[in-house]
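Here's the structure we're looking at; comments come further down.
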Amino acid sequence: MGIEAIRAYRAVLRATRQTFAGDTIMLRESAAEARKKFEENRHVTSPADLSRHLEEANEATRFISTMIVQAKLNDRGGYEVKPGKEHVGATLEIPSEEILKTSA
């Protein structure tokens, strides 16, 4: 794996750690998915393909960092979504309480 791929991989993992902090299941699953994607393309040698895969990884990092907000269960039994400064300008789709309860 080239240095650019290692940087991209680490950036994806960093984004998932920040986005899913405190959610062990999502941290584990997102790290496994990132590793799987990078492993699937470990033997790509074409410069065009490498460039495309690296851009996809960079886009995944941006998406995870800016388009996903982790809902947290509050003391009242409901869920709260608190977008951070990295989400400014993003269009957020906030799921209903019913959807959140069924996915927990």
Side-chain angles (χ1 to χ4, degrees):
M1 194 180 308
I3 191 75
E4 296 90 2
I6 292 170
R7 284 185 184 137
Y9 179 67
R10 287 180 178 164
V12 169
L13 293 180
R14 196 170 28 257
T16 61
R17 282 193 306 269
Q18 291 171 348
T19 298
F20 302 120
D23 187 337
T24 307
I25 294 169
M26 284 302 295
L27 286 168
R28 184 179 57 240
E29 295 299 320
S30 60
E33 183 65 20
R35 181 161 186 92
K36 176 183 157 197
K37 292 291 184 186
F38 276 84
E39 286 294 332
E40 286 174 359
N41 298 298
R42 177 181 285 278
H43 302 293
V44 171
T45 57
S46 159
D49 288 340
L50 285 171
S51 180
R52 181 174 50 83
H53 288 300
L54 289 172
E55 183 51 39
E56 288 172 2
N58 292 331
E59 179 58 30
T61 298
R62 284 189 295 276
F63 183 85
I64 293 165
S65 297
T66 62
M67 299 302 288
I68 299 175
V69 179
Q70 189 77 352
K72 305 238 188 270
L73 185 62
N74 64 28
D75 296 337
R76 299 178 309 278
Y79 286 88
E80 293 180 359
V81 176
K82 294 183 181 178
K85 63 182 178 196
E86 64 276 9
H87 301 103
V88 172
T91 302
L92 301 175
E93 293 182 24
I94 300 175
S96 68
E97 289 279 330
E98 184 177 306
I99 291 171
L100 289 170
K101 287 179 182 176
T102 60
S103 66

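Distance check, rounded to the nearest 0.5 Å: CG of Asn41 to NZ of Lys36 gives 11.0 Å. Separation of atoms CG (Asp23) and CZ (Arg28) is listed at 9.5 Å; rounding is to 0.5 Å. Summarising the geometry, atom CG belonging to Asn58 is positioned 10.5 Å from atom CD belonging to Glu4; distances are rounded to the nearest 0.5 Å. Atom OG of Ser30 is separated from atom CZ of Arg35 by 14.0 Å, given to the nearest 0.5 angstrom. Separating the OG1 atom in Thr61 from the CD atom in Gln18 is a distance of 10.0 Å, to the nearest 0.5 Å.
Remark: side-chain polar atoms of Thr19 are not paired, donor with acceptor, to backbone N or O of Thr16 under 3.5 angstrom. A donor-acceptor pair is defined here as one N or O able to donate and one able to accept, closer than 3.5 Å; no such pair exists between the side chain of Asp49 and the backbone of Thr45.
Taking the side chain to side chain donor-acceptor pair (under 3.5 Å) definition, one finds that Glu55 meets it with Arg62, sequence neighbours left out.
Taken together through direct or relayed side-chain contacts under 4.5 Å among Ile, Leu, Val, Met, Phe, Trp and Tyr, Tyr9 and Leu50 form parts of separate hydrophobic clusters. Residues Met67 and Phe20 fall within the same hydrophobic cluster, defined by Ile, Leu, Val, Met, Phe, Trp and Tyr side chains chained together at heavy-atom separations under 4.5 Å. Following chains of ILVMFWY side-chain contacts shorter than 4.5 Å, one can reach Val12 starting from Phe63, so the two form part of one hydrophobic cluster.
A salt bridge links Glu39 with Arg42: the closest approach of a Lys/Arg side-chain nitrogen to an acidic carboxylate oxygen falls below 4.0 angstrom.
Remark: Arg10 CZ is loosely packed, at most 12 non-hydrogen atoms of other residues, nucleotides or ligands lying under 6.0 Å away.
Of all the heavy atoms in Leu27 and Arg17, the pair that sits closest is CD2-CA, 3.6 Å. The two residues Ala57 and Phe38 make their nearest non-hydrogen contact at CB-CZ, 3.7 Å.
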